[in-house]
Structure formats: C-alpha cells, structure tokens
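Residue numbers run from 1 in the order of the sequence given.
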Amino acid sequence: MSESEWGLRAPANLVSKRAVWQWTVQAGLVWGVLVAGLAVARHVLDNPPGWLGYVLVVAAVVGVVHTVVMPQWRYRVHRWEATADAVFTRSGWVTQEWRVAPVSRIQTVDTARGPVQQLLRLATVTVTTASAQGPVKIDGLALDVAARLVEDLAATTQATPGDAT
C-alpha cells in the first residue's frame, strides 16, 4: 500500500469505554484542586477581593461542564488502527489530530500506565517514529488490547525492511 493510498480515513477501532472514566477522573481532579484552592484562598484571606467569588463560581461551573462533556466527546473522536503498513490514529476533542505512522518509520513502541489507568486496567501505547511531529499516542486502551498491539507492532516492525529513519 503506498502512502497516498492511506489517506485520512477514520481508524476502525474505538478506545476502551473505560477511557471515559479515566478522562472524567483526571479532569475532575484538576478542576477539583483548582476550585478547592480558590475556595480556600477566599476563606482564609482577611479581605478577599470581590472578583474572587465570581472566579470561584465560574471555575466550578466550567469545571463541571468540562468534566461531564469532554470525556464523552473524546470517546466519540478517539480511534486507532494498526495494519501491516501503518498505524492510524485520530484523537482530541476541540482540536482533532489525525496521524498515519508508516510501519517502516517506527523506532520504538512503549506502554505507559498512570495511577488512574492502573485502577481502570488501561494503558497508553506510544509509537515513536522518525517524524518531526513526535510520537503517535493511543490513550485509553484496555490493558490486554495494549499488550497485544505492542506485541503485534514489535513483530511487524521487526519483519519490515528499512531503518526507521
């Protein structure tokens, strides 16, 4: 398959449905710390500025909306696929990114699991290529799917001629 035939098609596979929980927890933690910090600042200051209360309310509302909407939206967008020729990804939510990484350009394939991912049995697979755009990341994969993908990509890249540069 030539590079021109790859095009920007939608990759076939969804990430794990548990990724919605991952993104929800991560967003909730960030917004929770921010709102809690603002609330503590408003409470402990002797004479808090009037705008601090408005900022606190706005941050709380935006945080709740972001925490509820973003994970569902990301789940609908995030897709991935690995073929014998390339790794295809689509990610993002407001700004969406489509990536095609030819197998012949793959240098390494790594798996990472943060604390929330470990609790939810999820992983992120990072495919490093000889691209100026940086690595291709597939976030929110079920642990067994991620392991199988890494194994398949390692076998495919080893069997693919070329020097990945």
Side-chain angles (χ1 to χ4, degrees), residues 1-34 37 59 62-165:
M1 180 182 284
S2 72
E3 193 167 339
S4 62
E5 291 173 308
W6 294 338
L8 286 180
R9 63 184 176 79
N13 304 307
L14 291 167
V15 296
S16 171
K17 186 67 174 160
R18 291 189 311 266
V20 172
W21 286 107
Q22 173 192 333
W23 298 323
T24 300
V25 169
Q26 289 170 332
L29 287 172
V30 169
W31 283 107
V33 167
L34 176 66
V62 170
V64 167
V65 170
H66 178 258
T67 301
V68 169
V69 172
M70 176 274 298
Q72 296 293 330
W73 194 332
R74 279 182 75 177
Y75 180 75
R76 287 176 177 83
V77 171
H78 280 228
R79 302 277 188 278
W80 69 277
E81 183 177 355
T83 68
D85 299 309
V87 176
F88 301 84
T89 63
R90 185 176 70 189
S91 61
W93 66 293
V94 173
T95 302
Q96 295 179 14
E97 178 180 65
W98 296 65
R99 300 281 305 269
V100 178
V103 167
S104 63
R105 307 273 291 175
I106 294 175
Q107 295 175 328
T108 61
V109 182
D110 303 300
T111 305
R113 299 179 65 218
V116 175
Q117 287 178 314
Q118 290 177 39
L119 287 172
L120 296 170
R121 299 193 40 80
L122 296 171
T124 298
V125 172
T126 302
V127 179
T128 305
T129 66
S131 167
Q133 282 296 107
V136 173
K137 291 190 177 206
I138 307 169
D139 188 29
L141 292 178
L143 192 54
D144 60 329
V145 172
R148 192 170 44 250
L149 176 60
V150 169
E151 185 178 308
D152 291 349
L153 286 175
T156 302
T157 55
Q158 189 172 23
T160 301
D163 63 359
T165 58

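- When side chains are defined from C-beta on, Arg79 counts as touching Leu14, because their heavy atoms get closer than 4.5 Å.
- If you take CG on Leu149 and CG on Asn13, they are separated by 9.0 Å, rounding to the nearest 0.5 Å.
- Taken to the nearest 0.5 Å, the CG atom of Asp139 stands 5.5 Å off from the CD atom of Gln117.
- Considering Thr111, Leu141, Asp110 in turn, Thr111 is the only one that fulfils the side-chain contact (heavy atoms from CB on, under 4.5 Å) rule with Val150.
- Counting all heavy atoms, side chain and backbone alike, Gly140 lies closest to Thr124 at N-OG1, 4.3 Å.
- The CZ atom of Arg90 lies 9.5 Å from the NE2 atom of His78; values are rounded to the nearest 0.5 Å.
- Interatomic distance, Gln22 CD to Arg121 CZ, rounded to the nearest 0.5 Å: 14.0 Å.
- Nearest heavy-atom pair across Tyr75 and Val15 is CE1-O, 3.4 Å.
- The 12-atom threshold is exceeded at CD of Gln72, counting heavy atoms of other residues, nucleotides or ligands nearer than 6.0 Å.
- Rounding to the nearest 0.5 angstrom, the gap separating the CZ atom in Arg18 from the CG atom in Leu119 is 11.5 Å.
- Residue Trp31 qualifies as enclosed at atom CH2: its count of foreign heavy atoms under 6.0 Å is above 12.
- Between Val145 and Trp80, some side-chain heavy-atom pair lies under the 4.5 Å cut-off.
- By the 4.5 Å heavy-atom criterion applied to side chains, Val127 and Thr89 are not counted as neighbours.
- Here the CD-OG1 distance, from Glu151 to Thr156, works out to 10.0 Å after rounding to the nearest 0.5 Å.
- Annotation: side chain of Phe88 is in contact with side chain of Thr83 (closest heavy-atom distance under 4.5 Å).
- Of all heavy-atom pairs between Ala59 and Leu34, the closest is CB-CD2, 4.4 Å.
- Residues Leu143 and Ala123 share a closest heavy-atom pair of CD1-CB, 4.2 Å.
- Residue Ala130 comes nearest to Gln107 through the heavy atom pair CB-NE2, 3.8 Å, listed as atom of the first residue, atom of the second, then distance.
- Shown here for Ala146 and Val125, the closest heavy-atom pair between the two residues is CB-CG2, 3.7 Å.
- Within a 6.0 Å radius of CH2 in Trp73, no more than 12 heavy atoms belonging to other residues, nucleotides or ligands are found.
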